[in-house]
Protein chains: 4
Amino acid sequence: MSRGNTRQRIQDIALELFAERGYEKTSLREIAEQLGVTKAALYYHFKTKEDLVTSLFEDLVLGPADEVIAWAEARQPTTLETKLEILNRYSECISKATPLVRFIHENQAALRDLSVGEQMKARMFTLLKLIKDEDAALTDQVRCSSALFTMHSSLFTLESSGAGIEEKRQAALEVARELVTSAHHHGPAPRPAAETSSARHG
Amino acid sequence: MSRGNTRQRIQDIALELFAERGYEKTSLREIAEQLGVTKAALYYHFKTKEDLVTSLFEDLVLGPADEVIAWAEARQPTTLETKLEILNRYSECISKATPLVRFIHENQAALRDLSVGEQMKARMFTLLKLIKDEDAALTDQVRCSSALFTMHSSLFTLESSGAGIEEKRQAALEVARELVTSAHHHGPAPRPAAETSSARHG
Amino acid sequence: MSRGNTRQRIQDIALELFAERGYEKTSLREIAEQLGVTKAALYYHFKTKEDLVTSLFEDLVLGPADEVIAWAEARQPTTLETKLEILNRYSECISKATPLVRFIHENQAALRDLSVGEQMKARMFTLLKLIKDEDAALTDQVRCSSALFTMHSSLFTLESSGAGIEEKRQAALEVARELVTSAHHHGPAPRPAAETSSARHG
Amino acid sequence: MSRGNTRQRIQDIALELFAERGYEKTSLREIAEQLGVTKAALYYHFKTKEDLVTSLFEDLVLGPADEVIAWAEARQPTTLETKLEILNRYSECISKATPLVRFIHENQAALRDLSVGEQMKARMFTLLKLIKDEDAALTDQVRCSSALFTMHSSLFTLESSGAGIEEKRQAALEVARELVTSAHHHGPAPRPAAETSSARHG
DNA sequence: TATGAATGAGTATTCATTCAT
DNA sequence: TATGAATGAATACTCATTCAT
């Protein structure tokens, strides 16, 4: 029947269920049932449940993110322009993996026990370092974290707005760009204790 | 031995473990063991595992959030000043419940099966409606969601920065205020298709 | 509040629940809850769950059955008339304890672990011996067992017929009398292997 | 080791234990232990405990009873001869499932929570309708119920009599036939209040 | 490439019972 | 007369994983 594509089909169903019901709540039995195969068949293609989820990460986000990182690291020191292009590129690559991004956001606790979780965290950390000045003020660190977070979460939030997926991506991207731009202009953290709260953008 | 404080102690340990290891990964056995009581003792104080987690939400965030909402709803229509005060107040109330907020963020998948998850989502939705103009442009919707998100996540992110908890709160609050202020000034979504991408804050 | 009648109220509720949901399915928690007291209160009045159920048997059927037996044993050897009067008397005494009779019939398995079950069985055995001739043919043994059985089960079967409780009792009694009368007339088991199957009453 | 007969072996042991100790008192652990497998193995073959007991009913009584019913329904209106043949056939089919019949009789309370209990009750109701004239007098209803009851209970009662299983079945059958014959001859319920108690068979 | 059969360790939950107050 | 707090042992059930075929 199904030629050599079983592995792919497992990944598809798994991603769908993981995103929908969470990692721990999704059992291999369920995945197998939806596929019409036995649990044991899954074990022919993936050594463990963790192996299965890992394969999803590698194909869908770790690889793409590494490309963005490689591109950015070849271009140091990082100008504002580079930072914004990082956002552009990263935004594009995650928008192709929406369900997995949703999965990541909603299963942080589960990811803590998965080695792939560490890897993902590392990528985020690297990206963050690239768009954030070293010694940036605390507010600017927040801005940069927030920029990344925003791009992630906007992919699956705002369901009430009837906006299309690309529209949402663009909106999130714009806000992220503003946040990073704002952080960039402030430069390094000012003399400690001078952390005033008032506006100073633009 | 310990008088009437067992219930409280259960809640404390439970919150700690739920935040640290996640909802599904934390078994009642673990909680009981850490407390030095039997599982059955937990069931004397809480009818189910869900009941236990629910009690944490009610005491720590649902109640406080409702106060903020009540205050804000008594003050409609919502001026920018009101919006910013909502952020202030909400920021303060969640900063007292950091571990639970972390729990919420990292266990979204698990919360989907908990009735208290729905309740929490409803509060977020209401707060969002209060700080966001109806018919706001998509970017402004993103800004407002992001503001809330940012306040939440900053409480437990940025561990690398040696910042204290209050410092982090203030930094997140400031960014959140900027985002909401920015959204507020834009007013309703412009004529469709005029969604320009360039800067227009201030 | 409730004076000295708590013990009685426990028995009432317990009987009701035992009959309705079965012995094992009825927990002391349920009984206590329906009564508005704590489980521990039950333990003040009854040493164990078995003790509680035992008290019901003693008050409602063991005592009364013993009276019938005592009356019958004083009247040996047992004439047909005596046998029929046993049925009359026994019928009357169980009809006052319908729910318990139902309980007995539907919880035979549970009763096997209860010492009161043995006692009940002994009473049945004695009654049976009284209405059945020693060395009765197998069919006549069946008839006599059936007579007793019939009186029991008719108390709570035949719900479809709109008959009143006393009507049902009378009907069952009549059938029981016929069965015993029939058995009585046959006398001792005929020469073995002569057990013909056709009618031979009257 | 043992090929494909595990499922059967589970059923055998389960039936034995269910009959001996009752449904609720028999735990899956016990069944598994007696079989020398793990509890989980049972769950490979039966989805739930209820599923296991259901399989016993289907194989041993529901199916056979349905055959009797089908035969009888094809032969309406129901003559006395047909009625008696129903008893014959039903008697035969239950005598092959003695332990399950015992289980049914002694676990009525437990069966109330099992869907298979409802099904069994429905079969009994149908059989009863077939051997009992519509509008039969109350005594005759009792006779017919009693006939069924008697065939059931005689399979496992009368252990004191050294009679063999087939002898018992024949004895019960004979009594059942008499009861039904008697009921049949009376015809519909007489003018109310004419319910005389004396003999009037054949 | 898969399956059938099984396992071991775990889960949440329930129950009858106890005892100090 | 009762209760509040707890226990120990049990229960049905689920899961990721294994392995011979």
Side-chain angles (χ1 to χ4, degrees), chain A residues 1-7 10 24-32 35-52, chain B residues 1-7 10 24-32 35-52, chain C residues 1-7 10 24-32 35-52, chain D residues 1-7 10 24-32 35-52:
Chain A
M1 285 187 194
S2 53
R3 296 189 324 282
N5 60 336
T6 300
R7 194 188 144 96
I10 294 174
E24 346 237 7
K25 280 274 200 176
T26 303
S27 71
L28 295 185
R29 176 174 53 70
E30 268 175 300
I31 297 175
L35 235 95
V37 298
T38 358
K39 266 185 295 173
L42 305 188
Y43 277 90
Y44 177 79
H45 294 281
F46 301 94
K47 238 173 37 199
T48 63
K49 190 186 184 185
E50 176 162 1
D51 209 50
L52 170 50
Chain B
M1 287 192 192
S2 49
R3 269 223 348 290
N5 61 332
T6 301
R7 195 189 142 96
I10 294 173
E24 344 238 7
K25 280 276 200 174
T26 303
S27 72
L28 294 185
R29 177 180 52 72
E30 269 175 300
I31 297 175
L35 237 97
V37 297
T38 12
K39 269 180 294 170
L42 304 188
Y43 279 92
Y44 177 75
H45 294 282
F46 300 95
K47 241 172 33 200
T48 63
K49 191 185 183 186
E50 176 162 0
D51 207 50
L52 170 50
Chain C
M1 284 190 195
S2 52
R3 295 189 325 283
N5 60 336
T6 300
R7 193 188 144 96
I10 294 174
E24 345 237 7
K25 280 274 201 176
T26 303
S27 72
L28 294 185
R29 176 175 54 69
E30 268 175 300
I31 297 175
L35 235 95
V37 299
T38 355
K39 266 185 293 173
L42 304 187
Y43 278 90
Y44 177 80
H45 294 281
F46 300 94
K47 240 173 37 198
T48 65
K49 190 186 183 184
E50 176 161 2
D51 210 51
L52 169 51
Chain D
M1 289 189 193
S2 49
R3 269 225 349 289
N5 61 333
T6 301
R7 193 189 145 95
I10 295 173
E24 345 238 7
K25 280 276 200 175
T26 303
S27 71
L28 295 186
R29 177 179 52 72
E30 268 175 301
I31 297 176
L35 236 97
V37 297
T38 13
K39 268 179 294 168
L42 304 189
Y43 279 93
Y44 176 76
H45 294 281
F46 300 95
K47 242 172 34 201
T48 63
K49 190 185 183 185
E50 176 162 0
D51 208 50
L52 170 51

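In what follows, every chain begins at residue 1, and chains take the letters A, B, ... in the order their sequences are listed.
Distance CG (D:N5) to P (E:dG4): 17 Å, rounded to an integer number of Å. Look at CD on A:E24: it is 16 Å from C1' on E:dA12, rounded to the nearest Å. If you take OH of A:Y44 and P of F:dA16, they are 22 Å apart, rounded to a whole angstrom. One interatomic measurement links the two molecules: NZ of D:K49 to C1' of F:dA12, which rounds to 8 Å at whole-angstrom precision. For the pair C:L42 CG and E:dA16 C1', the interatomic distance rounds to 11 Å; values are reported in whole Å. Atom C1' of nucleotide E:dA5 and atom CZ of D:F46 are separated by 14 Å, given to the nearest angstrom. When rounded to the nearest whole Å, the span between CD1 of D:I31 and P of E:dA6 equals 15 Å. D:K39 places its NZ atom 10 Å from the C1' atom of E:dA9, with the value rounded to the nearest Å.
Closest-nucleotide positions on DNA chain E for B:L28 and A:G36 were compared, and the one nearer the 5' end corresponds to A:G36. Taking the nucleotide of DNA chain E with the nearest heavy atom to each of C:T48 and B:T48, the more 5' of the two is matched to B:T48. Ranked by how close their nearest DNA chain F nucleotide is to the 5' end, D:E30 and B:A40 are led by B:A40.
Dashed line: the shortest gap from a side-chain N or O of B:R29 to OP1 or OP2 of E:dT11 is under 4.0 Å. The side chain of A:T6 contributes an N or O atom lying less than 4.0 Å from OP1 or OP2 of E:dA2. A close approach under 4.0 Å does occur between a side-chain nitrogen or oxygen of A:Y43 and OP1 or OP2 of F:dT17. Applying the 4.0 Å criterion to OP1 and OP2 of F:dA2, one finds that C:T38 has every side-chain N and O outside that range. For D:H45 and E:dA6, the shortest distance from a side-chain N or O to OP1 or OP2 is below 4.0 Å.
Summarising the geometry, atom CD1 belonging to D:I10 is positioned 10.0 Å from atom CG belonging to D:L28; distances are rounded to the nearest 0.5 Å. Taking CG of B:L42 as the reference point, atom OG1 of B:T38 lies at 8.0 Å (rounded to 0.5 Å). Taking NZ of D:K39 as the reference point, atom NZ of D:K49 lies at 12.5 Å (rounded to 0.5 Å).
Minimum interatomic distance between B:T48 and B:Y43 (heavy atoms only, all atoms of both residues): CA-CE2, 4.1 Å.
With B:S27 as the fixed residue, the side-chain contact (heavy atoms from CB on, under 4.5 Å) test singles out one of B:R29, B:E24, B:K25: B:R29.
If you check E:dT7 for Watson-Crick or wobble pairing at under 3.5 angstrom, you find it paired to F:dA16.
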